Amino acid sequence: MNHFKNRSFLKEIDFTPKELQVLIDFAQHLKSLKAENIPHPYLQGKNIALLFEKTSTRTRAAFTVAATDLGAHPEFLGKNDIQFGQKESTEDTAKVLGSMFDAIEYRGFAQATVETLAANSGVPVWNGLTDEWHPTQMIADFLTLQEHFGHLKGLTLAYFGDGRSNMGNSLITTAAMLGVNIHIGAPEALWPAPAIVTQAKAYAAQAGSEVLLTADAQAAADGADAVYTDVWVSMGEVVDPAERIAQLLPYQVNAALVAATGKQPLIMHCLPAYHDHNTVVGKQLGEQFGLAALEITDEVFTSPQSVVFEEAANRMPAIKAIMAATLGDPFLPEALFN
Ligand code: CP
Ligand code: NVA
């Protein structure tokens, strides 16, 4: 029996901590198969809809390559290419896509949209990022940590930035589920919602890990094995950049903050990142506010401890594992789930 068969992955808690761990290990296995050129066509003949309301590099590329490696056909459906939203409701779109495709990936704004797609399409739906959650990123990031440390339980991850964003929510939840201590360094106004913190603490109590929210950046950094940050303004957010920069500049991941860990932590970022002026937005905000970088300095971003491009590369086997487990019939021994 495949525990995952026909299940959607809309947010991390759709799966148990053990199931998340199995997906991470399965992603590692699929990564090895690809490296050894061993075919793994678990989704031969399947058709996958890739529905994007927001832009993407990694998620789109990873779903496309993973589907192709698995023997499936991926079809990109951008928000301006189809009737979705403008002329057709989410519910009706779900019914149509579900009648033709074997599964649907959705990236967009409201979590309610991906939930509606799952409730009405009759096929597995995968969340490729919403305003609330970024679950496929979590499988890749915790795979990256596991590759470096050989285990997850007992590690300490410190996240700096907007704790209420999809990344803040997903990191506090996933770390707690997997037994990783999680520190959120952010001003109190940008901490995750109380319900998400309460839920994370319940998982942490089960897993024996710690959840720390603090406005003291040094305290958040202390003892971290990995330091994580993300953009200060997420896609679709309408905020005054001056206000957000003032709130989060004390949490910029720079050499001093990294030193405050007292370790040589891995440096993580889901990307894209504003670490220099080589982007339109990074240059414009950098010049306007007199900053060489925003959430992470170029020095730290390019340091030997930085694993940001490993995380990006791991999006592909992570997404492949999610797709193969929920839509295919890979052999996943029962003992893995005990
Ligand atoms: N990290 C991530 O989701 O990247 P993209 O926005 O490029 O997909
Ligand atoms: N918090 C970011 C993550 C991008 C992968 C955003 O939503 O824009």
Side-chain angles (χ1 to χ4, degrees), residues 9-12 27 48 50-67 74 76-79 105-111 113-114 126-145 157 159-174 184-186 190-193 196 226 228-239 241 244-245 247-248 251-253 267-275 278-282 285 294-296 301 306-320 322-323:
F9 192 32
L10 309 180
K11 52 190 179 297
E12 293 78 0
I48 316 286
L50 305 181
L51 186 49
F52 281 80
E53 275 189 301
K54 287 177 178 169
T55 52
S56 166
T57 297
R58 279 143 289 271
T59 308
R60 177 177 174 178
F63 267 101
T64 304
V65 173
F76 179 77
L77 306 170
K79 75 169 190 317
E105 179 275 353
Y106 168 80
R107 161 171 288 205
F109 297 87
Q111 181 68 18
T113 304
V114 78
W126 305 304
N127 179 353
L129 178 147
T130 60
D131 292 343
E132 277 182 60
W133 304 106
H134 199 2
T136 68
Q137 180 81 46
M138 292 304 103
I139 302 302
D141 289 345
F142 286 84
L143 168 61
T144 308
L145 283 167
L157 175 65
Y159 171 77
F160 297 93
D162 183 2
R164 310 154 320 147
S165 70
N166 39 29
M167 286 304 301
N169 291 340
S170 282
L171 284 170
I172 192 173
T173 303
T174 311
I184 305 284
L190 296 179
W191 287 0
I196 288 174
Y228 205 118
T229 189
D230 182 21
V231 289
W232 288 343
V233 179
S234 287
M235 287 182 275
E237 257 197 299
V238 182
V239 290
R244 187 59 64 80
I245 287 170
Q247 279 178 302
L248 287 175
Y251 305 89
Q252 183 191 58
V253 172
I267 304 302
M268 304 181 77
H269 193 308
C270 55
L271 304 182
Y274 296 124
H275 59 98
N278 293 334
T279 62
V280 172
V281 175
L285 289 176
L294 297 180
E295 73 273 9
I296 184 166
F301 186 87
S306 173
V307 294
V308 297
F309 293 108
E310 292 177 36
E311 294 173 79
N314 278 340
R315 297 294 304 287
M316 204 284 282
I319 283 170
K320 190 183 279 180
I322 295 160
M323 296 171 92

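These figures come from a predicted structure and were not determined experimentally. Start at 1 and go down the list; that is how both ligands and their atoms are numbered.
Atom-to-atom distance recorded for Leu171:CG and Phe142:CZ is 5.5 Å, nearest 0.5 angstrom. The line from CD1 of Ile296 to CG of Leu294 is 11.5 Å long, rounded to the nearest 0.5 Å. In this structure, the separation between CG on Asn166 and CE on Met235 is 7.0 Å, given to the nearest 0.5 Å. Rounded to the nearest 0.5 Å, atoms CZ (Phe309) and NE2 (His269) are 10.0 Å apart.
A donor-acceptor pair is defined here as one N or O able to donate and one able to accept, closer than 3.5 Å; no such pair exists between the side chain of Asn169 and the backbone of Trp133.
Residues satisfying the ring-ring contact (aromatic ring centres under 6.0 Å, His included) test with His275, not counting sequence neighbours, are Phe301. Shown here are the salt bridge (charged side-chain N to carboxylate O under 4.0 Å, His left out) partners of Lys54, two or more places apart in sequence or in another chain: Asp131.
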List, for ligand 2, each N/O atom that has a protein N/O partner under 3.5 Å away, with both atom names and the distance.
{"residue": "ligand 2", "atom": "1 (N)", "partner": "Asn166", "partner atom": "OD1", "Å": "2.8"}
{"residue": "ligand 2", "atom": "1 (N)", "partner": "Asp230", "partner atom": "OD2", "Å": "2.6"}
{"residue": "ligand 2", "atom": "1 (N)", "partner": "Ser234", "partner atom": "OG", "Å": "2.7"}
{"residue": "ligand 2", "atom": "7 (O)", "partner": "Asn166", "partner atom": "ND2", "Å": "2.9"}
{"residue": "ligand 2", "atom": "8 (O)", "partner": "Met235", "partner atom": "N", "Å": "2.8"}

(Q) Could you go through Thr144 and Glu310, starting from their C-alpha distance and side-chain angles, then the distance that decides it, and tell me whether this counts as side chain to side chain donor-acceptor pair (under 3.5 Å)? (A) CA-CA 7 Å; Thr144 308; Glu310 292 177 36; 6.0 Å; no
Q: Could you walk me through whether Glu132 and Asn127 pass the side chain to side chain donor-acceptor pair (under 3.5 Å) test, one step at a time?
A: CA-CA 10 Å; Glu132 277 182 60; Asn127 179 353; over 6 Å; no
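For ligand 1, the 4.0 Å heavy-atom shell takes in Ser56, Thr57, Arg58, Thr59, Arg107, His134, Gln137, Cys270, Leu271, Arg315, ordered by chain and residue number.
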